[in-house]
A.B. asks: 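Please see the structure below; I have some questions.
Every heavy atom of this structure was used, including side-chain atoms; hydrogens, water molecules and symmetry mates were not.
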Amino acid sequence: MRYQIDHDMHIHSYLSLCSPSGRQTPQVILDYAVKDGLSTVVLTDHYWDEKVPGASFNGPYVSGSAIWYAMQNTQRTDLALPLPQAEGVRFLYGCETEMDKYFRIGISAEEMKRRDFIIIPTTHLHMGGFTLERDQTSEQIRAELWVQRFDALLEKDLPFHKIGIAHLTCSLFSPEKTPESTLKCLSLIKGEDMKRLFSKAAKLGLGIELNVGAWELEENALPETLRPYRIAAECGCKFYLGSDAHAPADLSVANPARLVELLGLDETQKFKI
């Protein structure tokens with residue numbers, strides 16, 4: 001059976017500091033699930049567990065900095081609870097945590113048990129001084145970090161059955177944050193490294209995210225942007241869909257069907273929690 005578009009496992013509410021307004025409430029997210037006929041949605045607000053060193057209130061406030069993450073702690077993300085529910089929809093409580101420049105992940109074992117799903121991006125390389133050193137600005141270095149950070153994640157002691165790795169082809173990992181720079185960085189990643197990483201990911205059982213950034217592809221970007229996902233599929237990885245919506249206008253606007261069709265996915269390749 002063809003891969004069914006029946007879930008969205010990467011959604012932010014107004015509690016994420018990068019949400020542009022206060023209108024993205026849990027109820028709005030649930031209403032979206034009901035309207036679009038989704039059987040599973042997951043709330044994944046940005047989160048750094050206060051029990052984990054690495055983010056603190058020291059220093060000036062800068063978006064995407066350690067202090068920015070420190071403000072998005074357990075007390076804040078828990079303000080969404082209890083999540084509203086509707087018949088036929090599983091509305092689950094997760095988070096999108098972070099990996100800093102020391103490959104430290106911002107969630108404790110205690111919180112990992114409590115959350116239904118945990119997204120860990122390795123490509124948030126727009127946070128100079130926090131997720132990478134400020135002088136790591138070349139496309140070659142960014143390509144190397146793509147591999148190193150993915151490798152580090154796979155070496156962690158994590159409950160991989162409920163771990164997702166987010167937006168592996170997003171522009172935030174490139175120096176210029178442009179499509180051209182992103183494609184250049186991706187082209188510098190060796191296929192053999194991708195095969196090694198995705199083979200291990202498949203064995204561990206974590207989910208690979210198909211993100212909105214890959215759903216609105218220009219034709220000339222298709223071969224390079226789809227290359228990691230094609231290799232992941234060949235290696236036996238399983239995939240989940242994530243809109244990464246931060247506001248109501250971001251919901252129901254992407255076209256995951258196109259990406260599913262381009263990759264030729266079926267239901268056996270779906271990551272489930």
Side-chain angles (χ1 to χ4, degrees), residues 8-33 40-86 89-122 124 126-131 153 156-167 172 207 209 242-248 250-251 273:
D8 186 340
M9 292 167 55
H10 186 168
I11 311 176
H12 296 270
S13 79
Y14 71 96
L15 294 169
S16 286
L17 292 178
C18 48
S19 182
S21 75
R23 295 181 296 115
Q24 181 96 316
T25 64
Q27 186 61 53
V28 165
I29 295 168
L30 181 62
D31 291 345
Y32 148 68
T40 301
V41 286
V42 188
L43 180 64
T44 54
D45 281 316
H46 289 290
Y47 174 66
W48 188 281
D49 190 340
E50 61 276 11
K51 294 184 289 294
V52 178
S56 73
F57 284 99
N58 296 320
Y61 175 88
V62 179
S63 179
S65 66
I67 189 172
W68 184 83
Y69 253 106
M71 295 173 69
Q72 298 176 107
N73 56 19
T74 305
Q75 182 180 25
R76 182 176 178 86
T77 55
D78 277 358
L79 291 173
L81 300 176
L83 295 178
Q85 300 293 320
V89 179
R90 289 193 309 157
F91 193 177
L92 304 178
Y93 185 53
C95 65
E96 179 177 9
T97 190
E98 196 57 70
M99 175 186 282
D100 71 8
K101 64 184 178 181
Y102 305 111
F103 306 144
R104 179 168 42 202
I105 295 174
I107 184 168
S108 66
E110 177 185 354
E111 279 297 314
M112 282 191 280
K113 290 179 182 178
R114 196 168 73 93
R115 309 275 174 152
D116 297 309
F117 185 53
I118 302 144
I119 290 175
I120 306 172
T122 56
H124 273 174
H126 59 302
M127 304 179 185
F130 182 40
T131 57
L153 173 64
K156 301 291 184 182
D157 181 15
L158 300 171
F160 285 107
H161 65 283
K162 60 176 182 178
I163 298 290
I165 183 167
H167 37 61
L172 294 177
E209 182 173 293
S243 66
D244 196 10
H246 285 68
D250 300 333
L251 299 167
I273 52 174

A.B. asks: For the residue pair Val42 and Gly94, what are the closest heavy atoms and their distance?
C.D. replies: CG1-N, 3.9 Å
A.B. asks: Can you tell me how far apart CG (Leu172) and NE2 (His124) are? Round to the nearest 0.5 Å.
C.D. replies: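 Reported value, rounded in 0.5 Å steps: 5.5 Å.
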A.B. asks: Rounded to the nearest 0.5 Å, how far apart are CD1 of Ile11 and CG of Leu251?
C.D. replies: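 One gets 6.0 Å once the value is rounded to the nearest 0.5 Å.
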A.B. asks: Considering the options Asn73, Ile105, Asp100, Thr77, which one meets the side-chain contact (heavy atoms from CB on, under 4.5 Å) requirement together with Trp48?
C.D. replies: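 The single option meeting the side-chain contact (heavy atoms from CB on, under 4.5 Å) with Trp48 is Asp100.
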A.B. asks: Supply the atom-to-atom distance Lys162 NZ to Ile273 CD1, rounded to the nearest 0.5 angstrom.
C.D. replies: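 If I round to the nearest 0.5 Å, the distance is 9.0 Å.
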A.B. asks: Just by distance, with hydrogens left out, do Arg23 and Tyr14 show a side-chain donor and acceptor under 3.5 Å apart?
C.D. replies: no
A.B. asks: Rounded to the nearest 0.5 Å, how far does CD1 of Ile119 lie from CG of Asp244?
C.D. replies: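 Going from the CG atom of Asp244 to the CD1 atom of Ile119 covers 7.5 Å.
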A.B. asks: For Phe117 and Ile163, which heavy atoms make the closest approach, and how far apart are they?
C.D. replies: CE1-C, 3.8 Å
A.B. asks: Indicate yes or no: at least one non-hydrogen side-chain atom of Asp31 is less than 4.5 angstrom from one of Gln27.
C.D. replies: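 A side-chain contact exists here, since the closest heavy-atom pair is under 4.5 Å.
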A.B. asks: For the residue pair Tyr69 and Phe130, does the interplanar ring angle fall in the parallel (under 30°), tilted (30 to 60°) or perpendicular (over 60°) class?
C.D. replies: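 Answer is tilted, since the angle falls between 30° and 60°.
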A.B. asks: Side chain to side chain contact (heavy atoms under 4.5 Å, CB included) for Asp250 and Ser243? Distances and angles first, verdict last.
C.D. replies: CA-CA 8 Å; Asp250 300 333; Ser243 66; over 6 Å; no
A.B. asks: I'd like to know if the side chain of Ser19 reaches the main chain of His246, judged simply by a donor and an acceptor atom lying under 3.5 Å from each other, with no hydrogens or angles considered.
C.D. replies: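 At least one qualifying donor-acceptor pair exists.
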A.B. asks: Check whether any side-chain heavy atom of Thr74 lies under 4.5 Å from a side-chain heavy atom of Glu110, and answer yes or no.
C.D. replies: no
A.B. asks: Before you tell me yes or no, could you show the steps for Gln24 and His12 under side chain to side chain contact (heavy atoms under 4.5 Å, CB included), namely the whole-Å CA-CA distance, both residues' side-chain angles and the distance that decides it to 0.1 Å?
C.D. replies: CA-CA 8 Å; Gln24 181 96 316; His12 296 270; 5.6 Å; no
A.B. asks: If I compare all heavy atoms of His46 with all of Ser16, which pair ends up nearest, and what's the gap?
C.D. replies: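 The answer is N-OG, 3.1 Å.
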A.B. asks: Atom CD of Gln72 and atom CD of Glu98: how far apart are they, to the nearest 0.5 Å?
C.D. replies: 10.0 Å
A.B. asks: For a quick test of reading the model, state the closest non-hydrogen atom pair linking Ala80 to Leu15 and the distance between them.
C.D. replies: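 Looks like N-CD1, 3.6 Å.
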A.B. asks: Would you call Ile118 and Cys95 a side-chain contact if the rule is heavy atoms closer than 4.5 Å?
C.D. replies: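 Yes, side chains in contact.
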A.B. asks: Less than 4.5 Å apart, any side-chain heavy atom of Asp49 and any of Thr97?
C.D. replies: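 Not touching, per the 4.5 Å side-chain cut-off.
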A.B. asks: Is it true that a side-chain atom of Asp78 and a backbone atom of Gln75 form a donor plus acceptor pair closer than 3.5 Å?
C.D. replies: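 Pair absent, no side-chain N/O of Asp78 close to backbone of Gln75.
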A.B. asks: Can you give me the closest heavy-atom contact between Val52 and Ser108, atom names plus distance?
C.D. replies: CG2-N, 3.7 Å
A.B. asks: Considering non-hydrogen atoms only, spot the tightest contact between His126 and Thr131 and give its length.
C.D. replies: N-OG1, 4.5 Å
A.B. asks: At what distance, to the nearest 0.5 angstrom, does CG of Asp116 lie from OH of Tyr93?
C.D. replies: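 Reported to 0.5 Å precision, the distance equals 10.0 Å.
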